[in-house]
**Q** 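First the structure, which I've put down as structure tokens, then a few questions once you've had a look.
What you see below is based on every heavy atom in this structure, not just the backbone, and it leaves out hydrogens, waters and symmetry mates. Just so we're on the same page: letters track the sequence lines, and every chain starts at 1.
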There are 2 protein chains.
Amino acid sequence: MWDGMAAGSNKQRRRRKPKRAKITASLEDDNETAAGDQDDNGGGGSERQREHPFIVTEPGEVARGKKNGLDYLFHLYELCREFLIQVQNIAKERGEKCPTKVTNQVFRYAKEAGASYINKPKMRHYVHCYALHCLDEEASTALRRAFKERGENVGAWRQTCYEPLVAIAARQGWDIDAIFNAHPRLAIWYVPTKLRQLCHAERSSAAAASSSITGGGDHLHF
Amino acid sequence: MWDGMAAGSNKQRRRRKPKRAKITASLEDDNETAAGDQDDNGGGGSERQREHPFIVTEPGEVARGKKNGLDYLFHLYELCREFLIQVQNIAKERGEKCPTKVTNQVFRYAKEAGASYINKPKMRHYVHCYALHCLDEEASTALRRAFKERGENVGAWRQTCYEPLVAIAARQGWDIDAIFNAHPRLAIWYVPTKLRQLCHAERSSAAAASSSITGGGDHLHF
DNA sequence: ATCACGGGCGACCAGCGGACGGTGAGCCA
DNA sequence: TGGCTCACCGTCCGCTGGTCGCCCGTGAT
């Protein structure tokens with residue numbers, strides 16, 4: 001029910017050139033890659049090319065094997081906030097436009113500062129998961145435990161995070177932007193398109209249901 | 001002093017193709033072009049192609065000849081606000097991202113709604129003049145009267161509007177963005193780059209002057 | 001009628017917010 | 001060790017915000 005909605009309705013196909021670059025080489029800093037990361041990275045002189053994939057963990061749990069846990073994911077959002085604050089301070093000092101959100105500029109700054117493990121597609125991908133963590137930590141924790149127990153993968157957990165957020169929006173007049181903006185750590189993140197669409201769709205069907213139940217005087221009122 | 005600063009410091013030249021299109025034809029609506037406009041538009045069957053240029057007028061004064069007055073200019077800003085509100089209402093209804101500023105989308109909407117006399121370069125050009133009108137109507141009126149009396153052209157008046165705004169910023173901690181955002185009719189307009197630069201330059205030189213006057217303990221403090 | 005002035009706004013550009021899906025890391029058998 | 005699952009993030013795209021200066025309307029002569 002929370003999957004596939006408003007996902008395939010976009011304009012056209014893209015992606016026409018594979019164009020593999022494959023530069024490799026240029027060994028990175030390599031040391032101290034992740035929060036509480038205890039893996040030895042193999043032991044050869046290889047450089048990390050991607051971050052380890054996330055797995056569903058409960059709060060406080062360290063991910064085993066070549067994986068990262070969700071505490072680390074949420075920690076990345078806090079890091080981005082700190083980079084944003086630095087970018088804001090620099091902008092104010094220079095009398096330039098001061099960003100209020102995590103923009104491309106902030107991702108660029110983070111990369112230049114050596115935080116190469118932060119990138120835009122990843123952060124945008126999990127924004128709503130972080131939102132749930134901010135807005136209802138109890139519910140977030142419960143969901144993490146449930147999905148860990150069932151052995152679900154990260155994609156399944158991520159999809160399911162939409163549901164409680166829409167329920168929160170329902171309780172607060174469906175204004176998901178206002179909900180984000182009211183929370184100091186969340187206000188700096190753009191509301192994900194899909195979350196906004198889900199809220200809108202749910203509001204519409206909720207309104208339709210209630211007007212068909214009340215049975216008149218409310219529907220077709222324009 | 002208020003002219004030429006930070007104006008020629010940009011990256012490179014542009015404009016490589018004249019490429020005149022010159023479509024002409026396609027007669028427009030033509031009737032009722034401007035607020036209080038009493039001109040007959042020539043009498044032939046010609047269509048208006050540009051708005052009449054602005055001249056410096058005092059409040060309440062109707063521009064003579066083929067000119068528009070400043071009351072009309074400021075009226076355009078109010079119109080844009082109304083178009084923004086309509087765009088916001090449509091966006092909320094559809095569950096789409098809701099603009100808080102006058103964006104390209106709003107200018108496009110205004111044009112589609114028949115307000116072809118509204119366009120982005122014009123509105124952006126005079127934003128700081130409208131800002132002065134909003135923030136200190138007395139000072140704005142005084143400036144208009146002075147420049148009208150002296151027979152100055154619009155460009156000269158426009159340039160001079162920066163000065164009292166920088167003075168206002170000086171009194172309020174130099175935060176021009178905060179000043180714009182605190183005013184409900186101004187908050188929907190982007191702060192012009194040049195105004196921001198002027199505030200920054202003036203703050204810097206004011207700080208330098210005060211630290212050299214106090215004569216020690218305050219300057220070179222980093 | 002002609003001319004010089006000056007400013008309106010068409011059209012441009014760097015970079016933005018947003019999205020997709022091919023590599024290739026990773027785990028299990 | 002081979003295979004196959006799945007998600008990380010390089011790379012794209014439609015636009016945005018911001019700007020410049022050409023063209024021509026305009027009033028004086």
Side-chain angles (χ1 to χ4, degrees), chain A residues 7-8 10-23 39 42 46 48-55 64-68 73 97 99 101-108 111 116-127 153-158 189-194 196, chain B residues 7-8 10-23 39 41-42 46 48-55 64-68 73 97 99 101-108 111 116-127 152-158 189-194 196:
Chain A
N10 275 334
K11 288 98 168 180
Q12 80 279 66
R13 298 295 92 204
R14 279 198 279 110
R15 182 91 337 94
R16 54 301 198 52
K17 275 259 210 64
K19 193 170 74 175
R20 202 82 267 276
K22 201 57 181 175
I23 303 176
D39 74 60
S46 68
R48 167 98 64 94
Q49 297 184 307
R50 304 182 194 176
E51 281 275 272
H52 294 150
F54 290 109
I55 53 164
R64 317 205 109 269
K66 300 195 165 193
K67 298 289 184 182
N68 279 311
L73 172 62
K97 243 172 70 153
K101 303 274 189 186
V102 177
T103 60
N104 283 352
Q105 188 186 19
V106 174
F107 290 120
R108 213 181 303 121
K111 189 148 290 174
S116 61
Y117 44 88
I118 289 177
N119 62 71
K120 182 171 65 164
K122 174 162 65 188
M123 300 314 290
R124 296 263 184 263
H125 196 61
Y126 293 107
V127 166
N153 64 32
V154 170
W157 166 75
R158 180 182 167 277
W189 297 97
Y190 290 109
V191 174
T193 304
K194 190 171 178 188
R196 205 199 315 276
Chain B
N10 274 333
K11 289 98 169 181
Q12 80 278 64
R13 299 294 90 204
R14 280 198 279 108
R15 184 95 332 99
R16 55 297 197 57
K17 276 262 208 62
K19 195 170 74 175
R20 199 81 267 276
K22 202 57 181 174
I23 304 177
D39 76 62
N41 227 338
S46 68
R48 165 97 63 95
Q49 297 183 305
R50 304 184 194 177
E51 280 277 271
H52 294 150
F54 290 109
I55 52 164
R64 315 204 111 266
K66 299 194 166 193
K67 298 289 183 183
N68 279 311
L73 173 61
K97 244 171 69 150
K101 303 274 189 188
V102 177
T103 60
N104 284 352
Q105 187 188 20
V106 174
F107 290 120
R108 213 180 303 121
K111 190 147 290 175
S116 61
Y117 45 87
I118 290 176
N119 63 72
K120 181 172 64 163
K122 174 162 65 188
M123 301 314 290
R124 297 263 185 260
H125 196 62
Y126 293 106
V127 167
E152 300 274 12
N153 63 33
V154 170
W157 166 77
R158 180 183 166 276
W189 297 96
Y190 289 109
V191 174
T193 304
K194 189 170 179 189
R196 206 200 313 275

**Q** CD/B/Glu51 to CG/B/Leu73 distance, rounded to the nearest 0.5 angstrom?
**A**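 Nearest 0.5 Å value for the CD-CG distance: 10.5 Å.
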**Q** Under 4.0 angstrom, heavy atoms only, what part of the nucleic acid is B/Arg158 near: base, sugar-phosphate, or nothing?
**A**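 Counting heavy atoms under 4.0 Å across all strands, no contact is made by B/Arg158.
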**Q** Please list, chain by chain and in numerical order, all residues satisfying side-chain hydrogen bond (donor to acceptor under 3.5 Å, both in side chains) with B/Asn104, sequence neighbours excluded.
**A**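 side-chain hydrogen bond (donor to acceptor under 3.5 Å, both in side chains) check on B/Asn104 returns B/Lys120.
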**Q** Grab the two heavy atoms, one from A/Ala156 and one from A/Asn153, that are nearest each other, plus how far apart they are.
**A**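 Smallest interatomic distance, heavy atoms only, reads N-OD1, 2.9 Å.
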**Q** OP1 or OP2 of C/dG15 less than 4.0 angstrom from a side-chain nitrogen or oxygen of A/Asn104, does that happen here?
**A**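 Checking A/Asn104 against C/dG15: no side-chain N or O falls below 4.0 Å of OP1 or OP2.
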**Q** Nearest whole Å is fine: how far is C/dG8 P from B/Ile55 CD1?
**A**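 Rounding to the nearest Å, CD1 of B/Ile55 and P of C/dG8 are 11 Å apart.
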**Q** Mind listing the closest non-hydrogen atom pair of B/Lys101 and B/Trp189 along with its distance?
**A**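 Closest heavy-atom pair between B/Lys101 and B/Trp189: NZ-O, 3.8 Å.
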**Q** Between C1' on D/dG17 and CH2 on B/Trp189, what's the gap in Å once rounded to a whole number?
**A**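 Taking CH2 of B/Trp189 and C1' of D/dG17, I get 13 Å after rounding.
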**Q** Please determine, for the side chain of A/Gln105, which listed nucleotide (C/dG10, D/dG17, C/dC16) has the closest atom?
**A**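 Ranking C/dG10, D/dG17, C/dC16 by closest atom to the A/Gln105 side chain puts C/dC16 first.
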**Q** May I ask you to test the A/His125-A/Lys122 pair for a side-chain heavy-atom distance under 4.5 Å?
**A**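 With C-beta onward as the side chain, the pair stays apart.
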**Q** Could I get a table of every N or O pair under 3.5 Å where one atom is in the protein and the other is in nucleotides 1-4 of chain C?
**A**
none

**Q** Is there a side-chain contact between A/Phe107 and A/Ile118, using heavy atoms and a 4.5 Å cut-off?
**A**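 Yes; the side chains approach each other to less than 4.5 Å.
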**Q** Excluding sequence neighbours, so at least two apart, what forms salt bridge (charged side-chain N to carboxylate O under 4.0 Å, His left out) with B/Arg158?
**A**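 For B/Arg158, no residue satisfies salt bridge (charged side-chain N to carboxylate O under 4.0 Å, His left out) once neighbours in sequence are set aside.
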**Q** If I compare all heavy atoms of B/Ile55 with all of B/Val154, which pair ends up nearest, and what's the gap?
**A**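 In this case the closest contact between B/Ile55 and B/Val154 is CA-CG2, 3.4 Å.
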**Q** Nearest-Å distance, CZ (A/Arg196) to P (C/dG17)?
**A**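 About 14 Å, once rounded to whole Å.
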**Q** With sequence neighbours excluded, tell me which residues meet side-chain hydrogen bond (donor to acceptor under 3.5 Å, both in side chains) with A/Arg124.
**A**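 side-chain hydrogen bond (donor to acceptor under 3.5 Å, both in side chains) check on A/Arg124 returns nothing, list empty.
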**Q** OP1 or OP2 of D/dC15 sitting under 4.0 Å from any side-chain N/O of B/Arg108?
**A**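 Checking B/Arg108 against D/dC15: no side-chain N or O falls below 4.0 Å of OP1 or OP2.
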**Q** At their closest point, which heavy atom of A/Pro99 faces which heavy atom of A/Gln105, and how far apart are they?
**A**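 Distance-wise, the nearest heavy atoms are CG-OE1, 3.9 Å.
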**Q** I'd like to check A/Val102 versus A/Met123 (side-chain heavy atoms, cut-off strictly below 4.5 Å). Are they in contact?
**A**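 With C-beta onward as the side chain, the pair stays apart.
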**Q** B/Met123 has an atom CE; how far is it from atom P of C/dG10, in whole Å?
**A**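 To the nearest whole Å, that distance equals 14 Å.
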**Q** Give me the ring orientation class for B/Phe54 and B/Tyr126: parallel if the planes are under 30° apart, tilted from 30 to 60°, perpendicular past 60°.
**A**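 Rings of B/Phe54 and B/Tyr126: perpendicular, as their planes differ by over 60°.
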**Q** Set out, line by line, the N/O atom pairs under 3.5 Å between protein and nucleotides 27-29 of chain D.
**A**
{"residue": "D/dG27", "atom": "OP1", "partner": "B/Lys66", "partner atom": "N", "Å": "3.4"}

**Q** Compare the minimum distances between each of D/dT19, C/dA19, D/dG10 and the side chain of A/Thr193, then state the nucleotide with the smallest one.
**A**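 Minimum distance to the A/Thr193 side chain belongs to C/dA19.
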**Q** Rounded to whole Å, how long is the line connecting atom NZ of A/Lys97 with atom C1' of C/dC16?
**A**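 Taking NZ of A/Lys97 and C1' of C/dC16, I get 10 Å after rounding.
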**Q** Between D/dG18, C/dA25, C/dC16, which nucleotide has the shortest distance from any of its atoms to the side chain of A/Gln49?
**A**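 That would be C/dA25.
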**Q** Where do N or O atoms of nucleotides 6-8 of chain D meet protein N or O atoms at under 3.5 Å, pair by pair?
**A**
{"residue": "D/dA7", "atom": "OP2", "partner": "A/Gly155", "partner atom": "N", "Å": "3.2"}
{"residue": "D/dC8", "atom": "OP1", "partner": "A/Phe54", "partner atom": "N", "Å": "3.0"}
{"residue": "D/dC8", "atom": "OP2", "partner": "A/Tyr126", "partner atom": "OH", "Å": "2.5"}

**Q** Once you apply a heavy-atom cut-off of 4.0 Å, does A/Lys101 come out as touching a base, just sugar-phosphate, or nothing?
**A**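 A/Lys101: no heavy atom of the nucleic acid under 4.0 Å.
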**Q** Rounded to the nearest angstrom, tell me the gap between atom CZ in B/Phe107 and atom P in C/dG10.
**A**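 Between P of C/dG10 and CZ of B/Phe107: 12 Å.
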